[in-house]
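All values below come from the heavy atoms of this structure, side chains included, with hydrogens, waters and symmetry mates left out.
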Amino acid sequence: MIVVGSTDKLGASWDGAGVNFALYSEHASRVELCLFDPDGKSSESYELPDCKAGVWNGYVPDCRPGQHYGYRVHGEYRPEKGLYFNAHKLLIDPYARQLTGPLVWDNAVYGYAAGSHKSEQLQINTKDSAAFVPKAIVQGHSQIAMATRPMTAWENTVLYELNVRGYTMRHPAVAEVDRGRFTGLAVNEVLQYIKALGVTAIELLPCHAFADEQFLVDKGLGNFWGYNSLNFFAPHTRYLRDNRIEEFKELTNSIHDAGLEVILDVVYNHTAEGDHLGPTLSFRGIDNLTYYRTIPV
């Protein structure tokens, strides 16, 4: 069952009795909420019953943290107008706090049919992409309080930029299980060494969810730096040791307790969806004209 929800907060919000789902799409004609079992099998699908000022919303009673979900957004498919709505594509919630499952580079994740790009007449691809796209996970209320950050004056700030994986993979103080992960960077010996350099703030290279580009995967490689954003609010899965998103909050607290500040490196000028010939994973299928600055195709 689904009823009219709230537009107050985008994303999936649990209130103890159910979950409110809210998604912004100015140009959509309707939005489907798709629920999945942990094994990736579709369980239920609901049409969001209400839209106010472009925010589609619905409340699902008895829905709880841990629920996997995604969206199918209906509307016009007119690439020449910048509209790429294709309800055959399962879409990631831009406001999801956690993702599960890999992005699999199957032809189904593209909104246009194979080969049609050669003429720039992008014909719609009707293959279902649900089996190949990460699912969002509803989150509960965090029980972890945030530590007080140092509040270093900007004129006294000294930045140390690092990559979570690269910095911790071979550090002698980091246990094997923690290497390449948030828990590895939270090790006290690591943070005290950085502080001893005279640093006041750690700037983390992208640690939100990002994808390995298809050309890298085809070569058996992966994206190291993280500048290929899939979602801006979910921690990168490979950086989690125990698949708990609280690990990032715990890392932040450890850095603050060490007397250092945290700065996140986030680049918004491109995403894992690439240009107009890229896959339809989230923003493009939700409302391309809203989420991207476009030029005529």
Side-chain angles (χ1 to χ4, degrees), residues 9-22 35-40 63-70 92-103 134-151 162-169 171 173-192 194-195 201-211 226 229-266 282:
K9 185 178 181 181
L10 295 173
S13 305
W14 180 61
D15 63 4
V19 178
N20 188 80
F21 294 90
L35 304 183
F36 293 85
D37 296 330
D39 60 3
C63 188
R64 302 187 61 79
Q67 175 66 59
H68 296 195
Y69 72 98
I92 299 169
D93 182 357
Y95 286 83
R97 296 299 190 266
Q98 184 176 12
L99 302 182
T100 183
L103 167 62
K135 313 301 186 293
I137 305 178
V138 174
Q139 298 300 302
H141 303 142
S142 176
Q143 302 301 312
I144 300 175
M146 293 303 296
T148 302
R149 62 190 181 97
M151 298 290 289
L162 62 81
N163 178 277
V164 171
R165 177 175 172 78
Y167 198 81
T168 60
M169 279 302 293
H171 197 291
V174 178
E176 186 68 30
V177 69
D178 294 319
R179 293 185 175 184
R181 307 182 191 279
F182 295 130
T183 51
L185 187 57
V187 170
N188 185 61
E189 290 89 339
V190 175
L191 297 177
Q192 290 305 318
I194 295 174
K195 188 175 182 180
I202 296 176
E203 181 176 353
L204 298 175
L205 270 66
C207 51
H208 53 269
F210 59 85
S229 300
L230 191 61
N231 180 283
F232 293 106
F233 296 102
H236 188 52
T237 303
R238 290 202 296 262
Y239 291 169
L240 299 174
R241 185 187 67 184
D242 300 319
N243 203 34
R244 298 170 46 251
I245 65 170
E246 289 84 0
E247 292 172 29
F248 181 76
K249 184 177 284 189
E250 291 165 354
L251 167 62
T252 302
N253 281 347
S254 296
I255 295 174
H256 287 164
D257 287 342
L260 299 166
E261 294 191 297
V262 181
I263 296 175
L264 300 183
D265 187 343
V266 183
S282 181

| Got a second to check how far Asp265's CG is from Leu204's CG, nearest 0.5 Å? | 9.0 Å
| field | Thr168 side chain near Arg181 side chain, heavy-atom distance below 4.5 Å | value | no
| Run the side chain to side chain contact (heavy atoms under 4.5 Å, CB included) check on Val19 and Tyr69 step by step: do they pass? | CA-CA 12 Å; Val19 178; Tyr69 72 98; over 6 Å; no
| Between Val174 and Gly184, which heavy-atom pair has the shortest distance, and what is it? | CG2-O, 3.6 Å
| query | Using 30° and 60° as the class limits, which term best fits the ring planes of Phe248 and Phe182: parallel, tilted or perpendicular? | reply | perpendicular
| Validation row: Asn243, Gln98 side chains within 4.5 angstrom (heavy atoms) | yes
| field | Side-chain heavy atoms of Val266 within contact of His208, under 4.5 Å | value | yes
| task | Answer whether the closest heavy-atom distance between the side chains of Asp15 and Asn20 falls below 4.5 Å. | result | no
| field | Gap between atom CG of Asp257 and atom OG1 of Thr252 - 0.5 Å precision | value | 10.5 Å
| message | To check you understand the geometry: which heavy-atom pair defines the closest contact between Glu261 and His256, and what is its length? | response | CA-CD2, 4.1 Å
| said: I'd like to check Leu264 versus Cys207 (side-chain heavy atoms, cut-off strictly below 4.5 Å). Are they in contact? | reply: yes
| message | Checking Glu203 against Leu162 for the side chain to side chain contact (heavy atoms under 4.5 Å, CB included) test, could you report, in this order, the C-alpha distance in whole Å, the side-chain angles of both residues, the deciding distance, and whether it holds? | response | CA-CA 6 Å; Glu203 181 176 353; Leu162 62 81; over 6 Å; no
| query | Any sub-3.5 Å donor-acceptor pair from Gln67's side-chain atoms to Phe36's backbone N or O? | reply | yes
| Between atom CG of Asp93 and atom CG of Asn231, what is the distance when rounded to the nearest 0.5 Å? | 7.5 Å
| message | Counting only heavy atoms from other residues, nucleotides and ligands, does the tally under 6.0 Å from CZ of Arg97 exceed 12? | response | yes
| Does the side chain of His236 come within less than 4.5 Å of Arg165's, by heavy atoms? | no
| said: I'd like to know if Glu246 pairs up with Lys249 as an ion pair, taking the criterion as any Lys NZ or Arg NE/NH1/NH2 lying under 4.0 Å from an Asp or Glu carboxylate oxygen. | reply: no
| note | Between Leu260 and Ile194 the two heavy atoms that sit nearest each other are CD1-CG2, 4.4 Å
| If you take all heavy atoms of Pro206 and Tyr239, which pair is closest and at what distance? | O-CE1, 4.0 Å
| Would a 4.5 Å heavy-atom cut-off, applied to side chains only, mark Ile202 and Ile263 as touching? | no
| request: Please indicate whether Tyr95 has more than 12 foreign heavy atoms, meaning atoms of other residues, nucleotides or ligands, lying under 6.0 Å from its OH. | output: no
| request: Hey, could you give me the CG/CG distance between Leu185 and Leu191, rounded to the nearest 0.5 Å? | output: 6.0 Å
| message | Could you go through Cys63 and Phe21, starting from their C-alpha distance and side-chain angles, then the distance that decides it, and tell me whether this counts as side chain to side chain contact (heavy atoms under 4.5 Å, CB included)? | response | CA-CA 11 Å; Cys63 188; Phe21 294 90; 4.2 Å; yes
| said: Show the nearest heavy-atom pair for residues Ala145 and Asn253, with the distance to one decimal. | reply: O-ND2, 2.9 Å
| From Glu247 CD over to Asp242 CG, what is the distance, rounded to the nearest 0.5 angstrom? | 5.0 Å
| Atom of Leu99, atom of Ala136 and distance for their closest heavy-atom approach | CD2-CA, 3.9 Å
| remark: Taken to the nearest 0.5 Å, the spacing of Ile92 CD1 from Leu230 CG works out to 4.0 Å
| query | Do the side chains of Thr100 and Thr237 get nearer than 4.5 Å, heavy atoms only? | reply | no
